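Below you'll find the structure, written out as structure tokens, and then a few comments.
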Amino acid sequence: MPELPEVETTRRGIAPHLIGRRITSVVLRRPDLRWPIPPEVGALLPGQRIEEVERRAKYLLLHTQVGSALLHLGMTGVLRVLPPDAPVGKHDHVDIALEATTVGARILRFTDARRFGCLLWQPPGTTHELLENLGPEPLTDAFDGDLLWHLSRGRTAAVKLFLMDNAVVVGVGNIYASEALFAAGIDPRRAAGSVSRARYARLAAEVKRILAWAIERGGTTLRDFINPDGMPGYFVRELQVYGREGEPCRTCGTAIRQVVLGQRSTFWCPRCQK
DNA sequence: CGATTCCCCTGGGCGC
DNA sequence: TGCGCCCAGGGGAATC
């Protein structure tokens, strides 16, 4: 389940192989991911040089002069740089072939078993509608406790859902939301509007700390993140609350509890989080 | 506008 | 070993 750290790790992993390299062809084996792949992807990309590989929220953008491929990995999406003759698996939906260099030809392969991912098109000089109305990146100065505090006034939804709202801040997925709220000592069920300014400052700091740590960790396990079923960058043994219902809190020993918020499993320590 | 629910999809785990 | 069942979840879309 790629969260922001895994997407950023993917970007760092593939970018050196892509930037400055020309696309020779595009193979679309499965034209219907979450949404149909628009015709521009196959029609315009061949012949273009990839100028930059950008991440915005959990989206990746491959920029060329004629437009940008917009990718989301969904739940099970994986991007790998492979030799052109790599055997094609059942869920290998897209290949973007790259011109040969001294190391030989390569393809960028998009694999996605559940097809929650997407491959869309963004014309030059435009912002795709999916990228409009997104909140700030969590690792920038634009994201801080005051932002959370201001946006949350009057909000009655659970603070965990508020934290996962992409219009508030992007890239905080289900696992990291539970972990950050634990680290900040905030009950995930609490109404967002009832959390104090000081506690939001703490929460923002913990979100930054945890995401930065996971990105750093992902960078050290680059070879492992290609495992689509793993939890790249974040090891199960290091989770404080996620997936630990009934197990003792690592801080106080109280049994971790689970509740469903917004159709998502949520974990917290009833003693450490208020 | 905000809150809530639904839905897309398939592999993995489990019970029988 | 095989089969049916349930669950996971990013996040847009629809509904209340």
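Numbered from 1 within each chain, the chains take letters A, B, ... in sequence-line order. Since we're looking at a predicted model, the values are computed, not measured.
- Which of B:dA3, C:dG10, B:dC9 sits closest to the side chain of A:Thr156 comes down to B:dA3.
- For A:Tyr59, the ring pair (Phe, Tyr, Trp, His ring centres under 6.0 Å) partners at least two apart in sequence or on another chain are A:His72.
- When the P atom of B:dT10 is taken as reference, atom CG of A:Leu33 falls 11 Å away, rounded to whole Å.
- A:Phe267 is linked by a ring pair (Phe, Tyr, Trp, His ring centres under 6.0 Å) to A:Tyr242, counting only residues two or more places apart in sequence or in another chain.
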Tabulate atom names and distances for all N/O pairs under 3.5 angstrom spanning the protein and nucleotides 11-14 of chain C.
{"unit_1": "C:dG11", "atom_1": "OP1", "unit_2": "A:His72", "atom_2": "NE2", "d": "2.3"}
{"unit_1": "C:dG11", "atom_1": "N7", "unit_2": "A:Arg264", "atom_2": "NH2", "d": "3.2"}
{"unit_1": "C:dG11", "atom_1": "O6", "unit_2": "A:Arg264", "atom_2": "NH2", "d": "2.7"}
{"unit_1": "C:dG12", "atom_1": "OP1", "unit_2": "A:Tyr59", "atom_2": "OH", "d": "2.9"}
{"unit_1": "C:dG12", "atom_1": "O4'", "unit_2": "A:Arg34", "atom_2": "NH2", "d": "3.1"}

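- Summarising the geometry, the separation between CE on A:Met75 and P on B:dG12 is reported as 13 Å, rounded to the nearest angstrom.
- A:Thr266 meets the side chain to side chain donor-acceptor pair (under 3.5 Å) test with A:Lys160; sequence neighbours excluded.
- Comparing the helix axis at one end of the helix from B:dG2-C:dC16 to B:dC16-C:dG2 with that at the other, each defined from 5 consecutive pairs, gives an inter-axis angle of 40° (nearest 10°).
- With sequence neighbours excluded, no residue satisfies salt bridge (Lys or Arg N to Asp or Glu O under 4.0 Å) with A:Arg34.
- Applying the salt bridge (Lys or Arg N to Asp or Glu O under 4.0 Å) test to A:Asp95 and every residue at least two apart in sequence or in another chain returns A:Arg29, A:Arg109.
- Computed from coordinates, the A:Arg114 CZ to B:dT10 P distance equals 10 Å when rounded to whole Å.
- Remark: P of C:dG10 and CG of A:Leu119 are 21 Å apart, rounded to the nearest angstrom.
- A salt bridge does not link A:Lys58 with A:Glu6: none of the charged nitrogens is closer than 4.0 Å to a carboxylate oxygen.
- Nearest nucleotide to the A:His91 side chain, out of B:dG11, B:dT4, C:dG10: B:dG11.
- Summarising the geometry, the separation between CG on A:Asp112 and C1' on B:dC9 is reported as 9 Å, rounded to the nearest angstrom.
- Taking A:His17 as the reference, A:Val81 meet the side chain to side chain contact (heavy atoms under 4.5 Å, CB included) condition, with sequence neighbours excluded.
- Remark: A:Arg56 engages A:Glu137 in a salt bridge (Lys or Arg N to Asp or Glu O under 4.0 Å) (not counting sequence neighbours).
- Between A:Arg56 atom CZ and C:dG10 atom C1' the separation is 16 Å, expressed in whole Å.
- Residues in residues 115-131 of chain A take part in these salt bridge (charged side-chain N to carboxylate O under 4.0 Å, His left out) pairs, two or more places apart or across chains: A:Asp32-A:Arg115.
- Taking atom CG of A:Leu163 as the reference point, atom C1' of B:dG2 lies 17 Å away to the nearest angstrom.
- Non-hydrogen atoms lying under 4.0 Å from DNA chain B are contributed by A:Arg155, all within residues 145-155 of chain A.
- Partners of A:Arg202 by salt bridge (Lys or Arg N to Asp or Glu O under 4.0 Å), not counting sequence neighbours, listed by chain and number: A:Glu206.
- A salt bridge between A:Arg257 and A:Asp187 is absent, with no side-chain N of the basic residue lying under 4.0 Å from a carboxylate O of the acidic one.
- Atom CE of A:Met164 is separated from atom C1' of C:dG10 by 8 Å (rounded to the nearest Å).
- A sub-4.0 Å separation between OP1 or OP2 of B:dG11 and a side-chain N or O of A:Lys90 is present.
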